[in-house]
Amino acid sequence: MIRKLLVANRGEIACRVFRTCRELGIRTVAVYSDADANALHARVADTAVRLPGAAPADTYLDAGLIVKAAVASGADAVHPGYGFLSENADFARAVLDAGLVWIGPPPEAIEAMASKTRAKELMGLAPLGEVTEADLPVLVKAAAGGGGRGMRIVRRLEDLSAALVSARSEAASAFGDGEVFVEPYVENGRHVEVQILADTHGTVWALGTRDCSLQRRHQKVIEESPAPGLPAQLTDELHALAVRAARAVDYVGAGTVEFLVAGDKAHFLEMNTRLQVEHPVTEAVFTIDLVAEQIRVAEGHALADDPPRARGHAVEARLYAEDPARDWAPQTGTLHRFAVPEGVRLDTGFTDGDDIGVHYDPMLAKLVAHAPTRAEAVRKLAGALDRATLHGPVTNRDLLVRSLRHEEFTSARMDTGFYDRHLTDLACCGTGDPYAPLAAALADAHGRSRFGGWRNVPSRPQTKRYEAAGEEIEVHYRHTRAGLEADGVRVVHAEAALVVLEVDGVRRNFEVARYGDEIHVNATRLTALPRFPDPTAQHAPGSLLAPMPGTVVRVAEGLTEGAAVDAGQPLLWLEAMKMEHKITAPVTGALSALHVVPGQQVTVGSLLAVVQET
């Protein structure tokens, strides 16, 4: 029996495994990098062991350090979570060689399936060799890992070389393995997967299907189970293929077999030899705890002959600290307040007051809704996200709500091209509630001195300026004998944390929270602007500023000051939160200044380069 378990991962992943361990009476061990010294997963574990450093390669990807931590803490088992070393056969062997229980498949199964190239060969498939025009479009893909990292769509043959370099760099940083391969890219298919669970006694369960078609940067955003609208014959075929893949490598534990479905045909993508981020929707539908089952299988227990029955529908949304309107740029800062309504499942690695840093994935949480029907589950999840309290950096919350309520999604006609078609409309839907800036101004004005001896001459209007979603907004109000007054709006009540306005006979409540210049009014995020702009904050035309804090990993080959550049030409690449972000020339012209070199750390707004238009 396992008594003490170390999770070789961080954040939401570790917290999720710890929750099951507590229910089973198993003590827990966390590992944490210096950047995660105060992270939630390190705080909630029974024991925590430091991994010196901050970069993933120096900490969570160092198998030797983690095995040492397990031995030193007295753990008798290791759970790899999902991501990092979860599909690393050498790590699994190191755990077993140390006399510890490995909560995962045999190393041989990992080797056979964790590399996408070897998995395809096992399934009788092969990646593309020499790519020609006839093969386009193609997808460059990391052989190890997942989560959309190390993946690039190539539509022009001349872009293939740069895509290979970029994908290798990102894959090496994220997974410690820079191997990539090329395969045909199927436009606008559906991403469908099958959850499997196998024991050491020859039983393999296929636990339904999941649809994960809504993706950004090839990383899943919204997932659901079962995959809607699949013909029964195709569902049976997917289950059979998944079980076949598991039996082909004598699989043990939880895993996922992924497919791209186009029409009534399924194309094998890969087998992930680990638990998936989206596993909670399967847990909800089958009333099962997959982590608990992983642990029982590792202890040698047998599964029942048949899996539990499915019931209802479940939908999951991944909440990220990122700005979809700015090419999904990751965001950093303090998460001041985070709460969701009751009735939905919340898996998170953050709580109030935690800092969101630059070193790791920007996912804050997963919200999961379960209901008897798909329509009810979707409505439930959209409503919970809409009412969630999120005070801190910009997130994709509004995008998630709009996606869940989009007609193409509600009618289950979505595919992997959903955001290619609809991102502009979904991410750029205004600056939030139009009355939020006024409520913020009135809350700020509450309690200020109202000069005695009112005169018959009305007071001059007060002006406040705010920024919302990149736009500047100006509002006006007055102090009167009757209180605060705003044109066209009746101010029913105004205090620092609550403003009540009546608009066209409808009374509305606005909850206001302020953290320095950052203001949250219900679900609208504002930044208070100074009355007079700072003239020193101006930059020359063509200045390229860092959109997020990160590290300059590459500068375009041969790029020097004075070089001619074309609009849209890649100039340099930033790495933030385990992903590369390309910085391109805004106009055609000459590079008049280059202020960074590879390896340099930059903060938000740092001047990277200047392109002078010609």
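Values in this document were obtained by computation on a predicted structure and should not be read as measured data. This chain uses plain numbering: 1 for the first residue, then up along the sequence.
- Put simply, CD on E224 and CG on L214 are 8.5 Å apart, with the number rounded to the nearest 0.5 Å.
- Minimum heavy-atom separation, R274 to S86: CD-OG, 3.0 Å.
- Of all heavy-atom pairs spanning V521 and A439, the tightest one is CG1-CB, 4.0 Å.
- Comment: R421 engages E408 in a salt bridge, judged by a side-chain N to carboxylate O separation of less than 4.0 angstrom.
- In this structure, a donor-acceptor pair under 3.5 Å is absent between the side chains of D415 and S213.
- Residues meeting the side chain to side chain contact (heavy atoms under 4.5 Å, CB included) test with V602, sequence neighbours left out: A546, V552, L574, V596, Q600, S606, L608.
- Between the side chain of E12 and the main chain of G349, no donor-acceptor pair closer than 3.5 Å is present.
- Sorted by first then second residue, the ring-ring contact (aromatic ring centres under 6.0 Å, His included) pairs that include residues 418-440, not counting sequence neighbours, are W328-Y419, H406-F418, H406-H422, F418-H422.
- Judged by distance alone, the side chain of R387 and the main-chain N or O of G383 form a donor-acceptor pair under 3.5 Å.
- A salt bridge does not link R216 to D420: none of the charged nitrogens lies less than 4.0 Å from a carboxylate oxygen.
- Under the 3.5 Å distance criterion, the side-chain polar atoms of W205 are matched with a main-chain donor or acceptor of A304.
- When side chains are defined from C-beta on, L498 does not count as touching V512, because their heavy atoms never get closer than 4.5 Å.
- Sequence neighbours left out, the pairs with a member in residues 368-396 that pass ring-ring contact (aromatic ring centres under 6.0 Å, His included) are H391-Y515, H391-H520.
- Contact between Y60 and N9 at its shortest, heavy atoms only, is CE2-O, 4.1 Å.
- Residues that satisfy the side chain to side chain contact (heavy atoms under 4.5 Å, CB included) test with R507, not counting sequence neighbours, are R490, V492, V500, E502.
- With 3.5 Å as the limit, one finds a donor-acceptor pair spanning the side chains of T551 and Q601.
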Run the side-chain donor-acceptor check on residues 21-32: report pairs under 3.5 Å with partners two or more places apart or on a different chain.
residue, atom, partner, partner atom, Å
T28, OG1, D46, N, 3.0
T28, OG1, D46, OD2, 3.2

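- Proximity of R311 to F286: side-chain heavy atoms (C-beta onward) are nowhere separated by under 4.5 Å.
- At distances below 3.5 Å, not a single donor-acceptor pair connects side-chain atoms of R190 with backbone N or O atoms of V192.
- Counting heavy atoms from C-beta on, the side chains of R318 and V277 come closer than 4.5 Å.
- Between G312 and P226 the shortest heavy-atom distance is O-CD, 3.8 Å.
- Side chain of N396 to backbone of Y320: a donor-acceptor contact under 3.5 angstrom is found.
- Residues D354 and T334 fail the side-chain proximity criterion, which asks for heavy atoms closer than 4.5 Å.
- Here CG of L484 is found 11.0 Å from NE2 of H493. Values are rounded to the nearest 0.5 Å.
- The number of heavy-atom neighbours closer than 6.0 Å to CZ of R3, taken from other residues, nucleotides and ligands shown, is 12 or below.
- Geometric assessment of R379 against the ring of F409 yields a negative cation-pi assignment under the 6.0 Å and 45° thresholds.
- Panel note: side chain S225, backbone T209; a donor-acceptor pair is recorded below 3.5 Å.
- Judged by distance alone, the side chains of T410 and E407 never bring a donor and an acceptor atom under 3.5 Å apart.
- For A35, the side chain to side chain contact (heavy atoms under 4.5 Å, CB included) partners are S33, A54, H359, Y360, not counting sequence neighbours.
- Here I473 contributes atom CD1 and L526 contributes atom CG; the two are 6.5 Å apart, rounded to the nearest 0.5 Å.
- Salt bridge status for D425 with R402: absent, with no side-chain N to carboxylate O gap under 4.0 Å.
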Discussion item. Walk me through whether K141 and E270 qualify under salt bridge (charged side-chain N to carboxylate O under 4.0 Å, His left out).
Written reply: CA-CA 11 Å; K141 200 170 184 180; E270 61 185 296; 3.7 Å; yes
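- For the salt bridge (charged side-chain N to carboxylate O under 4.0 Å, His left out) test, no residue two or more places apart in sequence or in another chain qualifies with R397.
- Taking 4.5 Å as the limit, every side-chain heavy atom of V261 sits out of range of all side-chain heavy atoms of H191.
- The existence of a salt bridge linking K582 and D327 is excluded, since no basic side-chain nitrogen approaches an acidic carboxylate oxygen closer than 4.0 Å.
- Between I2 and I103, some side-chain heavy-atom pair lies under the 4.5 Å cut-off.
- Salt bridge absent: R525 and D398 never bring a charged side-chain N and a carboxylate O closer than 4.0 Å.
- For T256 and N272, the side-chain atoms include no donor-acceptor pair closer than 3.5 Å.
- Y466 contributes no side-chain N or O that, together with a main-chain N or O of E471, makes up a donor-acceptor pair within less than 3.5 Å.
- Rounded to the nearest 0.5 Å, atoms CG (L385) and CG (L319) are 7.0 Å apart.
- Using a 4.0 Å cut-off between charged side-chain N and carboxylate O, K220 and E223 make no salt bridge.
- When side chains are defined from C-beta on, T373 does not count as touching H313, because their heavy atoms never get closer than 4.5 Å.
- Contact between L51 and T59 at its shortest, heavy atoms only, is O-CG2, 3.4 Å.
- In this structure, the side chains of V315 and V368 stay at 4.5 Å or more apart for every pair of heavy atoms.
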Worksheet item: Step by step, would you call E316 with R210 a salt bridge (charged side-chain N to carboxylate O under 4.0 Å, His left out)?
Response: CA-CA 11 Å; E316 171 182 293; R210 296 191 289 249; over 6 Å; no
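- Scored by the ring-ring contact (aromatic ring centres under 6.0 Å, His included) test, F91 finds W102 as partners (sequence neighbours excluded).
- Closest of all the heavy-atom pairs between T20 and A292 is CG2-N, 3.6 Å.
- Looking at residues two or more places apart in sequence or on another chain, you find a ring-ring contact (aromatic ring centres under 6.0 Å, His included) between Y82 and H279.
- The CG atom of L335 sits 7.0 Å away from the CG atom of L390 when rounded to the nearest 0.5 Å.
- No hydrogens or angles considered: a donor-acceptor pair under 3.5 Å links the side chains of H79 and Q294.
- Every residue two or more places apart in sequence or in another chain that forms a side chain to side chain donor-acceptor pair (under 3.5 Å) with E283 is listed here: R16, R345.
- Atom CE of residue M363 and atom CG of residue D347 lie 8.0 Å apart, to the nearest 0.5 angstrom.
- Taking K380 as the reference, nothing meets the salt bridge (charged side-chain N to carboxylate O under 4.0 Å, His left out) condition, with sequence neighbours excluded.
- Taking N522 as the reference, F510, E511 meet the side chain to side chain contact (heavy atoms under 4.5 Å, CB included) condition, with sequence neighbours excluded.
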